[in-house]
Every structure is written in C-alpha cells, then in structure tokens.
Amino acid sequence: MGKRTAIVAGNWKMNGALGASRDLVVELAAGVGTGGGAEMLLCPPFVYLDAASRWLESTPIALGAQNLASEVDPGAYTGEVSGTMLRDVGCVYVVVGHSERRTLYGESDEQVVAKFRAAQTVGLVPILCVGETLAEREGGRTETVVSRQVNAVLETLGASVLAAAVVAYEPVWAIGTGRTATPDQAQEVHALIRALIAAQDATIAGGLRILYGGSVKAGNAEELFARDDIDGGLVGGASLDVSEFLTIFHAASGQEPAP
Ligand code: 13P
C-alpha cells in the first residue's frame, strides 16, 4: 500500500433488518479498535442511516449512503433522497454510479456525473464506481470502458473535484460472483485510472484513494491491498459478516484483530 490512508467500505446493498443491522454495527464497532492505518465506512440502506449514525457515535467508523438524488434543491421528486438529507443524518460519503444502479436502473454517465456533483455541492464525498462487464473485458474493451466512465467526470468537472472524492474499480463480472479479479488484473486497471487522472493533475492523482470491489473476502484482501494502487476495498457480501469484514479491515489497517 502506498502513502494513502486505506478505506474499507461495506456496501450492504438491499440487505438487513433493523435489529440485525444494529447487531452488525455494534459488533463491528467493538472489533474495529482505534482504526489503525485505515478508515472503516458503512453504507446501509437509506432507512437505517439515521439509526446507524447514532449507533456509530463515539466510534471511528464513518457512515455513507449507497445513492443520492441528482437534484440538490428540495422539490417534487417522489422517492428520491437528497444529499442534504444524507448530511442531516450523519453521512460523510455516498456511493455514485454503482454498476447495479447503472445496469438495473439505467443510470447513464451523465446522471452519475450529476450525482457526483450534487454530492460535492452539499459536502459529501462521492465514491465514484467504475468497471467493465464480462463481455467488455472479453472483448478487450476494459480500458475503453473504464476510461470513458472516469472521463465523464474529468471532462465535465475537471480533475480538481477528485481531491475530495474516492474512486472504486468494481469489475461487474467480479461482483457477487465469487470470481475476484487477480491482484494483477486489479492493479493494472487501478494504475490506468491513476494515470488518466495524473495526465491532468499528478498531485491529485497521487493522493486519490482507489478502492477495489468485487468478491473481496477475508482470504484475498491482503494480497489485493498489498498492490501499489489499491487503497482499500468496497465490499458487498462479506461486509455483512462481522468476522469476514473485520479481517478485511485489519488487512488494510495493518492492525491485529481484537481477540
Ligand atoms: P461483492 O463484494 O458482494 O462482490 O460486491 C461488491 C460490490 O458491489 C460492492 O459495492
């Protein structure tokens, strides 16, 4: 790992129930220790954010949301949740452009950029997700697709916005499939993303946290996080299991898990 402080983020997706979520948060808080050299971030479903923020008081664990409205001002947007509301309940981060939002809900690069901008407008740190599908990888289009997704932000908003953002590389074929990118495959794309940004601003590229997501588990986290351009993980399934997630976190923080 380079000089950047790693982030290990749990994206709970549409999982959990009130009691189970509280148990998960309380047990993670007990096991996280002082945090060491990494930040832990939890992204529960919207309806649990307010409670989670109270459960997380006096812990080093940060709170984030999985999505937000692209609109900033309040108004007639039935079913949407604004960045301001997320700030209100204690969120610091918000995931934008997750592949499930792009694929299942048709979010375009333009919408993802609008959400990225909306997040920063209210002081949330966007976690911009990018990644290719299996067909795109097998068709040799990984670089083209990931560059297009990163460039959508770079060309519209400029490199400076990445000083207050995080990027997550999540190859779609590795999400929820148990098929992790090898450390070499992940590192190659992370380096590509960093180089793309460095071409505009080397300092910002050098400080940017780029997380890997896609079947990160206790058993593969350490070798992924050891690579130069991998600054932690965005973890789905394994973030719902206390011992798995703590092991992944400690692989990034360099601390021993609490006994
Ligand atoms: P899994 O860890 O379940 O593969 O999910 C990754 C992911 O999509 C995190 O955002």
Side-chain angles (χ1 to χ4, degrees), residues 6-16 20-21 24 28 38-46 48-49 52 61-68 86 91-107 112 115-116 119 124-134 136-137 142 145-146 149-150 165-183 185-186 189-190 193 209-225 227 230-252:
I7 300 176
V8 175
N11 174 9
W12 293 7
K13 309 191 179 183
M14 197 177 77
N15 289 293
S21 299
L24 183 52
L28 289 172
E39 282 178 44
M40 185 187 283
L41 165 66
L42 302 181
C43 302
F46 283 138
Y48 302 134
L49 287 170
I61 304 174
L63 189 65
Q66 300 172 17
N67 184 26
L68 83 166
L86 297 177
C91 288
V92 175
Y93 291 92
V94 61
V95 175
V96 299
H98 191 281
S99 65
E100 286 149 19
R101 304 270 350 146
R102 293 178 189 263
T103 310
L104 302 173
Y105 305 102
E107 283 188 15
V112 174
K115 289 184 176 200
F116 185 106
L124 287 165
V125 178
I127 301 177
L128 171 71
C129 297
V130 298
E132 81 288 0
T133 63
L134 185 59
E136 288 163 346
R137 174 162 282 263
T142 299
V145 170
V146 171
Q149 292 169 333
V150 174
V166 174
V167 171
Y169 169 56
E170 298 207 311
V172 178
W173 48 272
I175 295 177
T177 58
R179 191 176 158 190
T180 321
T182 64
Q185 284 174 321
V189 180
H190 283 231
I193 294 169
R209 272 91 62 90
I210 306 179
L211 315 184
Y212 168 78
S215 298
V216 176
K217 303 264 181 286
N220 60 26
E222 198 165 345
E223 56 175 6
L224 285 161
F225 300 164
R227 305 307 297 264
I230 303 182
D231 308 307
L234 182 53
V235 185
S239 74
L240 300 169
D241 180 302
V242 174
S243 115
E244 278 275 320
F245 193 57
L246 284 175
T247 304
I248 295 167
F249 176 73
H250 291 299

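Not measured: the values here are computed from a predicted model. We count ligands from 1, going down the list as the structure has it; atoms in each ligand are counted the same way.
Within the 4.5 Å cutoff, no side-chain heavy atoms of Leu134 are placed close to those of Val172. Contact annotation: the side chain of Ile248 approaches that of Val216 to within less than 4.5 Å [non-hydrogen atoms, C-beta and beyond].
Considering backbone and side-chain N/O atoms, Ser215 comes within less than 3.5 Å of an N/O atom of ligand 1. Taking distance alone, with nitrogen or oxygen atoms compared against 3.5 Å, Gly176 approaches ligand 1 more closely than that limit. Polar contact with ligand 1: present for Gly237 (N/O pair, distance under 3.5 Å).
For Ala238, the closest heavy-atom approach to ligand 1 does not fall below 4.0 Å. Residue contacts with ligand 1 include Ala174, since one of its heavy atoms falls under 4.0 Å from the ligand. Residue-ligand proximity: Lys217 is placed with every non-hydrogen atom at 4.0 Å or more from ligand 1.
The single protein non-hydrogen atom nearest to atom 7 (C) of ligand 1 is Glu170 OE2, 3.2 Å, given as residue, atom name and distance. For atom 2 (O) of ligand 1, the nearest non-hydrogen atom of the protein is Gly236 N, 2.8 Å.
A donor-acceptor pair is defined here as one N or O able to donate and one able to accept, closer than 3.5 Å; no such pair exists between the side chain of Lys115 and the backbone of Val96. Without hydrogens or angle criteria, Tyr212 side chain to His190 main chain gives no donor-acceptor distance under 3.5 Å.
Judged as a side-chain hydrogen bond (donor to acceptor under 3.5 Å, both in side chains), not a single pair has a partner in residues 235-245 (not counting sequence neighbours). Residue pairs meeting the salt bridge (charged side-chain N to carboxylate O under 4.0 Å, His left out) criterion with at least one partner in residues 95-105, sequence neighbours excluded, are Lys13-Glu100, Arg101-Glu107, Arg102-Asp109.
Contacts of Leu234 with ligand 1, taken as heavy-atom pairs under 4.0 Å, involve both backbone and side chain.
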Next item on the list: Evaluate the criterion side chain to side chain contact (heavy atoms under 4.5 Å, CB included) for residue pair Ile61 and Leu42; output intermediate values, then yes/no.
Entry: CA-CA 7 Å; Ile61 304 174; Leu42 302 181; 3.7 Å; yes

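Those atoms of ligand 1 that come under 4.0 Å of a heavy atom in Asn11, given as number and element, are 9 (C), 10 (O). Of all atoms in ligand 1, numbered sequentially from 1 with element shown, those under 4.0 Å from a heavy atom of Lys13 are 5 (O), 6 (C), 7 (C), 8 (O).
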